[in-house]
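First the structure, in the form of structure tokens, and then the observations on it.
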Amino acid sequence: MKAIPKDVAFQLCAEICQEYRHKWYTAARWQCWGCMRFSKGDPARMCVGSRPDYRGCNLVNARYDREGQLTYRRQAAEGGLRS
């Protein structure tokens, strides 16, 4: 598996956290909650940032692989990624 660009990884992380924020009954919500709680929002300590290739979070990995790497690379090249 190829590395996920840092800005893309953190964008996906933020999107996933927002998506599951009010779905307290899902495992993904509790995974995001625990990650944010114990990392205290420090990107270096978050699951996604725990590996040098930014593939430390299974939720981010799945979304990146599912939605296609080309989409995010094109957005990054065009400067369309939100920070």
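All figures in this text were calculated on a predicted structure; none of them were measured in a lab.
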So do K40 and F38 actually touch side chain to side chain, heavy atoms under 4.5 Å?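 Answer no - side chains too far apart.
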Intermediate values then yes/no, side-chain contact (heavy atoms from CB on, under 4.5 Å), I4 and D53: CA-CA 6 Å; I4 301 174; D53 61 354; over 6 Å; no
Is atom CZ of F10 surrounded by more than 12 heavy atoms (other residues, nucleotides or ligands) closer than 6.0 Å?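 Yes, the 6.0 Å shell around CZ holds more than 12 heavy atoms from other groups.
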Check step by step if side-chain contact (heavy atoms from CB on, under 4.5 Å) holds for R55 and Y64. CA-CA 10 Å; R55 284 201 171 263; Y64 184 72; 3.5 Å; yes
Atom [atom1] in [X], atom [atom2] in [Y]: separation rounded to 0.5 Å?
| X | Y | atom1 | atom2 | result |
| --- | --- | --- | --- | --- |
| C35 | W30 | SG | CH2 | 14.5 Å |
| L12 | E67 | CG | CD | 7.0 Å |
| M36 | C17 | CE | SG | 5.5 Å |
| W33 | T26 | CH2 | OG1 | 13.5 Å |
| Q31 | C47 | CD | SG | 6.0 Å |

Look at the side chain of W24 and the backbone N and O of R29, then say whether any donor-acceptor pair between them is shorter than 3.5 Å.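 Looks like no, no N/O pair under 3.5 Å.
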Indicate the atoms forming the closest heavy-atom contact of M46 with C13, along with that distance.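 What the structure gives for the nearest pair is CE-SG, 3.4 Å.
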Closest contact, heavy atoms only, A9 versus V48: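 Looking at all heavy atoms of both residues, the shortest contact is CB-CG2, 3.7 Å.
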Checking side-chain contact (heavy atoms from CB on, under 4.5 Å) between E15 and each of E19, Q18, Q11, which is the one that passes?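 That would be Q11.
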